There are 2 protein chains.
Amino acid sequence: MARATVQDVARTAGVSVGTVSRVLNGSPAVSESSKAKVAAAIRHLNYRPLASARDLRRDRTMRILALAKNLYSPVISEVFRGAGDAAALSGYVTLIAPTAGDMEREQQLVDMLRNGSVDGLIMFSPTMPDDDVEEMAEQLSVVQVCEIADAEAAFGVSIDDRQAAFDITRHLIRTGGRRLAMIGTRVARSGRLREEGFRRAVAEAGLSPDHMLFTDGDFDFHAGRHLARELLGMRPLPDAVFCGSDTVAAGCVREISDAGLRVPGDIAVAGFDDSIQAEMCVPELTTIRQPAYAMGQLAFEALLARMTEPEGYRRGRTFLPHELVVRDSTNG
Amino acid sequence: MARATVQDVARTAGVSVGTVSRVLNGSPAVSESSKAKVAAAIRHLNYRPLASARDLRRDRTMRILALAKNLYSPVISEVFRGAGDAAALSGYVTLIAPTAGDMEREQQLVDMLRNGSVDGLIMFSPTMPDDDVEEMAEQLSVVQVCEIADAEAAFGVSIDDRQAAFDITRHLIRTGGRRLAMIGTRVARSGRLREEGFRRAVAEAGLSPDHMLFTDGDFDFHAGRHLARELLGMRPLPDAVFCGSDTVAAGCVREISDAGLRVPGDIAVAGFDDSIQAEMCVPELTTIRQPAYAMGQLAFEALLARMTEPEGYRRGRTFLPHELVVRDSTNG
DNA sequence: CACTTCTTTGGAATCGATTCCAAACATTAC
DNA sequence: GTAATGTTTGGAATCGATTCCAAAGAAGTG
């Protein structure tokens, strides 16, 4: 049973293809009787307009693509949920694909924008070099979210990572931290900004960071444990650690606890993101809340503007407010 | 600067569109000189074949779609990673979309298969009724993974949920459990199968379940806490709880610990999935390992068979072996 | 009733890449 | 040199939905 086409529907309904198409697209210039005949034929043939033919003719797909390195991330999933909901309101379907940090895979997915498989692209954690992202964002309908290639040139939505890291580090110091350490990543630009914020807060307090630990690989629970173990072998032992994510902070807390030290009694630990992991951790984590869902929504709005207003795109990034959430992993 | 077409390339290269297309598709019947001229023109015009035109002509997209209720799940993300890697080996792109448990959204995404936006569909956690899934799987290139609508009729890949739940419940009993409880979900078919396995193991030991708690909503850390709190108010207090997922088990463990009871001393807790959450939990969870990545790979293989061998599809599901992983949340 | 105006319709042209067929050209064989 | 074979090429037809234009039909006006 081959696929029915608009021709088949027209024949069955006894009208022309033009009329069928008009019914399909809700044109007002169709009589009730034609509308009924066409509707009956469509039902009878179980007809669906072929997407590729429609897309070819209309020169758009009403689909967007969202890319990130991986999917199992509280922030990423929430950002994409926000983007997806916003997109749905405007009639767009949001498709998601993980790049696995593989440049080739990422390039292939970006090509889906270049070859018109989708109308727009939301980039979370690019693998390609910053310059490439910028160049791409310059000429295509691309918006970055959270991880933003460069200050002014790029299009994107994020929090002020530097300020957020500054705020939470200051909290660590205010609550007694004197020997400060950081566990972070330099793979992501946001990671580098958080490092800056941390350093700035430490310096402003007249201190200097005791230990800075970074990974260039995964940034997950295991990484948190490994880096924390390394940290516990160093002297002086820190009394406060800022971690670049809740999940890493959870690994860090776990390692400290397993070593027989107390959090926050011996070492205070701060996370980042205010994800569910912050609540699952014992003790619950002091962290920075990122408005992930709203960031996703805004990212789509920005993308929509880029897609529909050819030249009217708003260059530069949009910052959303973050929030310090104080829980039990830092001192009262 | 409008998009270049195959016509433009032909004109620039001084050849016909046929030749351009042949170069594009690596046909051997092209002279070296034409090949070079076309390649130069393509580079010069920065030409990319338009996906919709190609798809229309070729009647396939080399894209598949993977659906699940949500993305922030250790099992789902791992299954889709396996499917995505397997698909890439065969030249397919895997796109992922969350349905958010919304029937309308799910229907719209399934329509992408019906209208030829993608060539195949992998379904993780359907929202539509089982019968609808079956009917769909009957006539379209659809494969289910983990959650499988019905025993023999459907196409899919999963573990034997009933047996797995049986195995881990038996372990709870062997290690001293006498007053058994279960925290599960009946939304997913796998949840119902796990309930069966639990009941069977309890019955086989000559016991009967003391408490069965189910949620019809989310099945996450918070749900685990809430249901565990309810459980702690019941009498007799259980001495062993089987949870339908690691994340829920983590919530359960947390609630028990917060109530001043010890895991596993007072109450043993078992999870399901062997996700990272099992390791993050304190104590680490005894659980069932699902070979999620392999399940994803196999799901794609099955889908590929359905897509390419029109009538040669293997009806019925494929079972992969699970494994009991004993850790510290159950007694020695 | 003739004429204008409005609604509805049919059908050809179009979107851009692929593919098939026939023709042009080159090569080898006799 | 001609025939037979093989290689390369051009270009029209095709995929299926949309849209524009002209025309048919209906309704209203004087």
Side-chain angles (χ1 to χ4, degrees), chain A residues 1-39 41-42 45-63 91 111-119, chain B residues 1-39 41-42 45-63 91 111-119:
Chain A
M1 180 185 65
R3 163 182 284 285
T5 73
V6 71
Q7 311 282 346
D8 301 325
V9 174
R11 202 174 317 118
T12 305
V15 299
S16 73
V17 293
T19 300
V20 174
S21 182
R22 260 161 272 176
V23 172
L24 242 34
N25 295 289
S27 157
V30 187
S31 69
E32 286 305 322
S33 87
S34 294
K35 222 179 280 186
K37 283 189 290 184
V38 170
I42 287 177
L45 296 172
N46 191 25
Y47 166 78
R48 315 261 166 163
L50 190 71
S52 53
R54 183 162 31 68
D55 294 345
L56 170 60
R57 193 49 233 243
R58 289 199 179 147
D59 196 28
R60 67 193 166 132
T61 64
M62 298 306 278
R63 277 177 254 141
D111 275 345
M112 291 185 61
L113 177 60
R114 295 206 148 92
N115 72 21
S117 291
V118 295
D119 296 341
Chain B
M1 180 185 66
R3 164 181 285 283
T5 74
V6 72
Q7 311 282 348
D8 301 325
V9 174
R11 203 175 315 117
T12 306
V15 299
S16 74
V17 293
T19 299
V20 174
S21 182
R22 271 172 294 240
V23 171
L24 241 34
N25 295 289
S27 156
V30 187
S31 68
E32 286 305 322
S33 86
S34 294
K35 220 178 283 185
K37 281 190 290 184
V38 170
I42 287 177
L45 296 172
N46 191 26
Y47 166 78
R48 314 262 166 162
L50 189 71
S52 53
R54 184 163 30 70
D55 294 346
L56 170 60
R57 194 47 232 246
R58 288 199 179 149
D59 195 27
R60 65 191 168 134
T61 64
M62 298 306 279
R63 277 176 254 142
D111 275 344
M112 290 185 62
L113 177 59
R114 295 205 149 92
N115 72 21
S117 291
V118 296
D119 296 341

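Note that the structure is a prediction, hence the values are computed from the model and not measured. Hydrogens, waters and symmetry mates are skipped; everything else that's a heavy atom, side chains included, is used. Letters A, B, ... mirror the listed sequences (proteins, then strands); counts begin at 1.
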Fill in: Short N-O contact, B/R63 and B/D55, less than 4.0 angstrom
yes

Practice prompt. Let me know the distance between CZ of A/R54 and P of C/dG16, rounded to the nearest Å.
Written response: 17 Å

Worksheet item: Within less than 4.0 Å of OP1 or OP2 of D/dA17, is there a side-chain N or O belonging to A/Y47?
Response: yes

Item to complete: Send over the distance from A/R11 CZ to C/dG10 C1', rounded to a whole Å.
Response: 15 Å

Fill in: Any A/R57 side-chain N or O less than 4.0 Å from OP1/OP2 of C/dT14
no

Worksheet item: Nearest to the side chain of B/P49, which nucleotide is it out of C/dA17, D/dT9, D/dG16?
Response: C/dA17

Response to the item:
Checking C/dA17, D/dG11, C/dG11 against the side chain of B/S16 (C-beta onward), the nearest is D/dG11

Worksheet entry | Side chain to side chain, A/L50 and A/T5, heavy atoms closer than 4.5 Å | no

Worksheet entry | B/A53 or B/S33, whichever maps to the more 5' nucleotide of DNA chain D | B/S33

Worksheet entry | Atom-to-atom span, CZ of B/R58 to C1' of C/dG16 - whole angstrom | 13 Å

Discussion item. What's B/V30 touching, base or sugar-phosphate or nothing? Going by heavy atoms closer than 4.0 Å.
Written reply: sugar-phosphate

Worksheet item: Any luck finding a side-chain donor-acceptor pair between B/S27 and B/N25 under 3.5 Å?
Response: no

Worksheet item: Is any side-chain heavy atom of A/L24 closer than 4.5 Å to a side-chain heavy atom of A/I42?
Response: yes

Fill in: Closest-nucleotide 5' rank along DNA chain C - winner of B/L56 and B/G18
B/L56

Worksheet item: B/S21 side chain: which of C/dT9, C/dT19, D/dG11 is closest?
Response: C/dT19

Discussion item. So, OP1 or OP2 of C/dT9: does either fall under 4.0 Å of a side-chain N or O from A/S31?
Written reply: yes

Worksheet item: What does A/V15 touch in the nucleic acid at a heavy-atom separation under 4.0 angstrom: a base, only the sugar-phosphate, or nothing?
Response: sugar-phosphate

Worksheet item: Any side-chain donor-acceptor pair under 3.5 Å between B/D119 and B/T61?
Response: yes

Item to complete: Measure the distance from CG on A/L24 to P on C/dT9 and round it to the nearest whole Å.
Response: 15 Å

Worksheet item: Are OP1 or OP2 of C/dT9 and a side-chain N or O of A/S34 less than 4.0 angstrom apart?
Response: yes

Fill in: Euclidean distance, atom CD of residue B/Q7 to atom C1' of D/dG11 [Å, nearest integer]
10 Å

Item to complete: Given side-chain contact (heavy atoms from CB on, under 4.5 Å), test A/N115 with B/R54 step by step and report yes or no.
Response: CA-CA 10 Å; A/N115 72 21; B/R54 184 163 30 70; 3.9 Å; yes

Worksheet item: What is the distance from NZ of B/K35 to P of D/dT8, rounded to the nearest Å?
Response: 9 Å

Practice prompt. Check whether the side chain of A/R22 and the base of C/dG11 form a donor-acceptor pair under 3.5 Å.
Written response: yes

Worksheet item: Within the structure, does a side-chain N or O atom of A/N25 lie under 4.0 Å from either OP1 or OP2 of D/dA17?
Response: no

Discussion item. Given C/dG16, D/dG10, C/dT18, identify the nucleotide with an atom nearest to the side chain of B/L50.
Written reply: C/dG16

Worksheet item: A/S52 near the nucleic acid: base, sugar-phosphate alone, or nothing, with a heavy-atom cut-off under 4.0 Å?
Response: nothing

Worksheet item: Atom CG of A/D59 and atom P of C/dA17: how far apart are they, to the nearest Å?
Response: 11 Å

Fill in: Atom-to-atom span, CZ of A/R60 to C1' of C/dG16 - whole angstrom
18 Å

